[in-house]
There are 2 protein chains.
Amino acid sequence: MTIEMTGMLEPRSGWSADRCSMARTLAVVHTRSAFLILREAFYGATRFEEFAARTGVSEPVTAARLRKLVQEGILAREPYREPGQRTRDRYRMTDKGAELLPVLVALMRWGDRWEQSAGAPVELHHRGCGGRVGVELRCEHGHSVAGDELALVPGAPPPRPPVPHLG
Amino acid sequence: MTIEMTGMLEPRSGWSADRCSMARTLAVVHTRSAFLILREAFYGATRFEEFAARTGVSEPVTAARLRKLVQEGILAREPYREPGQRTRDRYRMTDKGAELLPVLVALMRWGDRWEQSAGAPVELHHRGCGGRVGVELRCEHGHSVAGDELALVPGAPPPRPPVPHLG
DNA sequence: CGGCATCCTTAGGGATACTG
DNA sequence: CAGTATCCCTAAGGATGCCG
């Protein structure tokens with residue numbers, strides 16, 4: 001199963017490692033600990049200790065990941081205070097972070113299918129309808145798209161240094 | 001945006017790091033180089049040099065990743081011979097590997113949206129219909145599912161060591 | 001509670017050179 | 001063409017201990 005290429009797509013012109021969107025996403029989150037922390041954020045964790053305890057990631061690494069994710073705008077750090085308590089910090093998912101959900105669900109579903117002989121340890125269901133939730137390729141016209149129905153086409157041209165022109 | 005939990009989901013009982021499907025997937029592929037090589041496999045690369053050249057990954061690392069991906073059953077190494085040429089090796093995507101496509105597309109789409117100020121460098125289109133392709137959460141009944149419509153429920157019970165019973 | 005500093009080990013990955 | 005061997009550097013991550 002390979003993706004058909006249309007148009008002129010010479011290697012390393014617009015889909016090379018430095019412009020590739022997938023590579024850029026991986027530059028932002030690519031460590032195991034980052035994904036685990038994001039998972040816990042989706043599961044509702046907000047406090048440092050929740051992240052560390054529930055992921056099993058050590059505190060120094062948890063601190064480093066949280067800092068990076070805040071830098072990248074995926075989590076937002078905000079102080080809060082419960083009545084009668086001192087001020088604490090909490091990490092909340094931003095919109096940018098929330099949009100990583102399909103990535104996590106896709107990873108989860110693949111693991112369910114190929115790395116869980118005994119079945120999925122947890123499942124995501126559609127509230128109300130109750131159906132199990134997965135991730136699907138879909139085009140903007142609403143069609144479900146199989147892998148071999150994909151065509152790869154050039155998008156935005158690579159940014160060029162402005163050419164000084166005479167006159 | 002957090003996922004509502006239903007049923008009893010005490011921490012570290014069924015969704016802890018060791019049983020988590022996402023963590024298991026990441027144990028199989030979590031390096032930048034592995035994702036780039038998979039991308040090229042989807043784009044049609046089959047030969048060692050194609051992977052190395054088109055990803056920009058060094059040969060030693062390319063060799064190590066290909067070996068790992070073959071071990072994991074994501075790529076299959078097979079000899080082939082073009083007429084009049086010597087035997088060569090080629091790496092072909094397996095079904096297990098092909099099912100990673102939604103993961104890669106999800107990563108790509110997020111990068112398009114959040115890390116590409118000038119727009120997507122390449123786009124995936126639905127052949128025939130021509131619509132742009134993205135990835136969507138969807139339940140088994142065909143409903144499109146928003147992030148806040150998700151419920152997390154316990155799945156298969158954790159495997160237990162068999163209890164020796166008397167009599 | 002929410003971290004940071006330090007130390008250590010292992011893994012990822014590039015450069016270069018070499019082999020079948 | 002398809003790798004392997006070697007060397008070296010950096011990043012990931014755990015353990016421990018300390019701080020406001």
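Chain letters run A, B, ... following the sequence lines, proteins first, then strands; residues in each count from 1.
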* To do: Name the first nucleotide and the last nucleotide along DNA chain C (5' to 3') that come under 4.0 Å of a heavy atom in chain B.
  => C:dG12 to C:dG20

* At under 4.0 Å between heavy atoms, which parts of nucleotides 7-20 of chain D does protein reach? Answer with one letter per nucleotide, 5' to 3': B base, S sugar-phosphate only, - none. => -----SBBBB----

* Asked: Got a salt bridge between A:R90 and A:E50, using NZ or NE/NH1/NH2 to carboxylate O under 4.0 Å?
  -> no

* Hey, are B:E115 and A:K96 close enough for a salt bridge, meaning a charged N less than 4.0 Å from a carboxylate O? -> yes

* Would A:E40 and A:T55 count as having a side-chain donor-acceptor pair, cut-off 3.5 Å? -> no

* Taking atom types as modelled, find out whether B:S21 and A:Q116 have a side-chain donor-acceptor pair closer than 3.5 angstrom. => yes

* To do: Identify whether any heavy atom of B:Y91 sits under 4.0 Å from a base atom; if not, whether one sits that close to sugar-phosphate; answer base, sugar-phosphate or nothing.
  => sugar-phosphate

* What is the nucleic acid contact for B:R90, judged by heavy atoms within less than 4.0 Å: base, sugar-phosphate only, or nothing? -> nothing

* Asked: Does the A:T94 side chain pair with the main chain of A:G73, one donor and one acceptor, at a distance under 3.5 Å?
  -> yes

* Asked: Does any N or O in the side chain of B:T25 come within less than 3.5 Å of the main-chain N or O of A:L107, such that one atom is a donor and the other an acceptor?
  -> yes

* **Separation of atom NZ in B:K68 from atom P in D:dT4, rounded to whole Å** => 16 Å

* Interatomic distance, B:R24 atom CZ to B:R19 atom CZ [nearest 0.5 angstrom] -> 6.5 Å

